[in-house]
Amino acid sequence: MASSSSFSLLFPFFLILFSCLIAVSSSRRSLIDRPLPKNLPRSGFRLSLRHVDSGKNLTKIQKIQRGINRGFHRLNRLGAVAVLAVASNPDDTNNIKAPTHGGSGEFLMELSIGNPAVKYAAIVDTGSDLIWTQCKPCTECFDQPTPIFDPEKSSSYSKVGCSSGLCNALPRSNCNEDKDSCEYLYTYGDYSSTRGLLATETFTFEDDNSISGIGFGCGVENEGDGFSQGSGLVGLGRGPLSLISQLKETKFSYCLTSIEDSEASSSLFIGSLASGIVNKTGANLDGEVTKTMSLVRNPDQPSFYYLELQGITVGAKRLSVEKSTFELSEDGTGGMIIDSGTTITYLEETAFKVLKEEFTSRMSLPVDDSGSTGLDLCFKLPNAAKNIAVPKLIFHFKGADLELPGENYMVADSSTGVLCLAMGSSNGMSIFGNVQQQNFNVLHDLEKETVTFVPTECGKL
């Protein structure tokens, strides 16, 4: 097998960005005897995803830098939270308090709330559970592109009682006994937070999928500049409050297009439709191309989707990295999560250092040390280059070896003349980011506890 792949500079790839919010608050209790929301589509449904920077007058390199900055704040916060989760009582909220810092979502989905239905654009986040929007009367709210939801104008709005399964599923809640209402506080990895009342409502997706009885947060105190791209958030994590869990679906998939594709939208598939699309696409491919790997659970971070990374190959060499580097520790630290909300892949610092050295030794280009892009490893491009050979990159997961196409880990910028590796280092946790997931249909099967990657032209689905 050849140890390098050709990377075309005619169509340079720039970072795909997705929702950048990973929840610090993670649901620790499951819903017990929770009735299924009504009017569920039998075959599941499809949702279009829109990038938050679409239509803005930004260069591609500016989009890269924005994504890196958002990821930097959240990555540091996530590492700190992992340490505190081990050293602290799970219910001790004082240990994770911090000043509010700007985070951001990257992809939006259109939905409507209430009866009569009012349209909103919500951030989609696989790293958290809670569904929420800002509500009147709002005492502390951020600017949003649509009017703030007024529960008094909806006939289908209903507060959740303190003894309900939804309230018990919250990581932190408070019972307002006078009003028999469940109050919540939900804090995210980029220092953002939402506080308000838990309620149920009718949600309508793609105009024709109207589902009643969905539990959501009606936020009256919401902090964090990063929320302002949308009017709330839809969590797709593994916890009981996420949309996937409330619908009692066991499958969902997403297919992310390149950010340079301004014509096509990315897609989210929920329910049996998700596996149907994957099976249909996979049937047209060689079976060796479709890769299925195991998911593992972390009781200390139940919302996240953990993969078992066992090693990495650069070119023809498997890196000399201890297997334990990527293992999930008994104390809940370490491991690798797959996250559509993190822009680039981050590896534990010791592993990234080895990868960086091997990658540099196999490139025929001089290293660029200017730091202009914010990425850890960049190379200077020759003036007349159109195609550059780059080392192959293979992630060895439990169950499958995933070889990535060059555009899923190399980022070119012709204006500054650099070619960069879309990866970085981290402490306490590794993250498989969305750049590495572009143009794969990524199926999460929660019943089989697996994730499947199917190479797909996502813009043509």
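Screening residues 309-340 for disulfide (SG to SG under 2.5 Å), with sequence neighbours left out, gives no hits. Among residue pairs with one or both ends in residues 388-440, those qualifying as disulfide (SG to SG under 2.5 Å) are Cys378-Cys420; sequence neighbours excluded. Within the structure, the salt bridge (charged side-chain N to carboxylate O under 4.0 Å, His left out) test picks out the following pairs touching residues 305-327 (sequence neighbours left out): Glu308-Lys398, Lys317-Glu358. Counting only residues at least two apart or on different chains, the disulfide (SG to SG under 2.5 Å) pairs with a member in residues 240-272 are Cys255-Cys458. Identified under the salt bridge (charged side-chain N to carboxylate O under 4.0 Å, His left out) test for residues 227-237, with sequence neighbours left out: none.
The heavy-atom pair separating Gly230 from Phe142 by the smallest distance is O-CE1, 3.9 Å. Considering every non-hydrogen atom in both Ile337 and Phe304, the closest pair reads CG2-CB, 3.7 Å. Closest approach of Tyr306 and Gln301 over heavy atoms only: OH-CB, 3.7 Å. For the pair Leu185 and Ser193, the tightest heavy-atom approach, listed with the atom from each and the gap, is CD1-CB, 4.5 Å. Scanning both residues, Ile344 and Ala422, for their nearest heavy atoms gives CB-O, 3.4 Å. Contact detail for Gly127 and Asp125: the closest heavy-atom pair is N-OD1, 3.0 Å.
The salt bridge (Lys or Arg N to Asp or Glu O under 4.0 Å) check on Glu457 picks up Lys460, with sequence neighbours excluded. Partners of Arg195 by salt bridge (Lys or Arg N to Asp or Glu O under 4.0 Å), not counting sequence neighbours, listed by chain and number: Glu221. In this structure Ser426 satisfies the side-chain hydrogen bond (donor to acceptor under 3.5 Å, both in side chains) test with no other residue, sequence neighbours excluded. In this view, Gln436 and Thr345 satisfy the side-chain hydrogen bond (donor to acceptor under 3.5 Å, both in side chains) rule, not counting sequence neighbours. Residues that satisfy the side chain to side chain contact (heavy atoms under 4.5 Å, CB included) test with Ser242, not counting sequence neighbours, are Asp129, Ile244, Ser245. Residues satisfying the side-chain hydrogen bond (donor to acceptor under 3.5 Å, both in side chains) criterion with Asp368, sequence neighbours excluded, are Ser370. Judged as a side-chain hydrogen bond (donor to acceptor under 3.5 Å, both in side chains), and not counting sequence neighbours, Ser430 has no contacts.
Here the straight-line distance linking atom CG of Leu243 with atom CE of Met109 works out to 6.5 Å at 0.5 Å rounding. Distance check, rounded to the nearest 0.5 Å: CG of Leu47 to CG of Leu273 gives 10.0 Å. We find the OG-CD1 distance between Ser128 and Ile123 to be 9.5 Å, quoted to the nearest 0.5 Å. Interatomic distance, CD1 of Ile312 versus CG of Leu319, reported as 6.0 Å (0.5 Å rounding). Distance OG/Ser272 to CD1/Ile277: 10.5 Å, rounded to 0.5 Å. Interatomic distance, CD of Glu249 versus CD1 of Ile270, reported as 7.5 Å (0.5 Å rounding).
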Steps toward ring-ring contact (aromatic ring centres under 6.0 Å, His included) verdict (Phe269, Phe252): CA-CA 5 Å; Phe269 301 92; Phe252 75 95; over 10 Å; no

Run His396 and Thr313 through side-chain hydrogen bond (donor to acceptor under 3.5 Å, both in side chains) and show every step you take. CA-CA 8 Å; His396 303 286; Thr313 292; 2.6 Å; yes

Determine whether Leu443 and Lys251 satisfy the following criterion, side chain to side chain contact (heavy atoms under 4.5 Å, CB included), listing intermediate values before the conclusion. CA-CA 7 Å; Leu443 172 67; Lys251 299 180 179 67; 4.3 Å; yes

I'd like to know whether Phe326 forms a side chain to side chain contact (heavy atoms under 4.5 Å, CB included) with Leu347, so could you lay out the CA-CA distance, the side-chain angles of the two residues, the decisive distance to 0.1 Å, and finally the verdict. CA-CA 8 Å; Phe326 304 115; Leu347 297 178; 4.1 Å; yes

Walk me through whether Asp331 and Asp300 qualify under side chain to side chain contact (heavy atoms under 4.5 Å, CB included). CA-CA 8 Å; Asp331 63 8; Asp300 293 307; 5.9 Å; no

Please evaluate residues Leu295 and Thr450 with respect to the criterion side chain to side chain contact (heavy atoms under 4.5 Å, CB included), reporting the C-alpha separation (whole Å), side-chain torsions for both, the decisive distance (0.1 Å), and the verdict. CA-CA 5 Å; Leu295 280 172; Thr450 59; 5.8 Å; no

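Counting non-hydrogen atoms of neighbouring residues, nucleotides and ligands closer than 6.0 angstrom, the CD atom of Glu449 exceeds 12 such neighbours.
Side chains of Glu348 and Thr325: a donor-acceptor N/O pair is absent below 3.5 angstrom, by distance only. Side-chain contact check for Asn441 and Ser253: at least one donor-acceptor pair (N or O, by modelled atom type) lies under 3.5 Å. Side-chain contact check for Tyr184 and Thr194: at least one donor-acceptor pair (N or O, by modelled atom type) lies under 3.5 Å. In the model, Thr452 has a side-chain atom that pairs as donor or acceptor with a side-chain atom of Thr292 under 3.5 Å. Side-chain polar atoms of Gln144 and Tyr120 form no donor-acceptor pair below 3.5 angstrom.
Of the charged side-chain nitrogens involved, none lies within less than 4.0 Å of a carboxylate oxygen, so that Glu206 and Arg46 do not count as a salt-bridged pair. Taking a cutoff of 4.0 Å between a charged side-chain nitrogen and a carboxylate oxygen, Glu110 and Arg50 qualify as a salt bridge.
Looking only at distances, a side-chain donor or acceptor of Asn408 sits under 3.5 Å from a matching main-chain atom of Gln438. A donor-acceptor contact shorter than 3.5 Å links the side chain of Asn298 to the backbone of Gly332. Judged by distance alone, the side chain of Ser266 and the main-chain N or O of Thr257 form a donor-acceptor pair under 3.5 Å. Using modelled atom types, one side-chain atom of Thr373 and one backbone atom of Leu375 make a donor-acceptor pair closer than 3.5 Å. Under a 3.5 Å cut-off, the side chain of Asn434 and the backbone N or O of Thr342 do form a donor-acceptor pair. A donor-acceptor pair under 3.5 Å is formed between the side chain of Thr133 and the backbone N or O of Ser231.
Relative ring orientation between Tyr409 and Phe359 is described as perpendicular, the plane-to-plane angle rising above 60° on a 0-90° scale split at 30° and 60°.
Contact annotation: the side chain of Leu402 approaches that of Phe397 to within less than 4.5 Å [non-hydrogen atoms, C-beta and beyond].
The ring of Phe432 has its center closer than 6.0 angstrom to the ring center of Phe395. The aromatic ring centres of Phe216 and Phe203 sit less than 6.0 Å apart.
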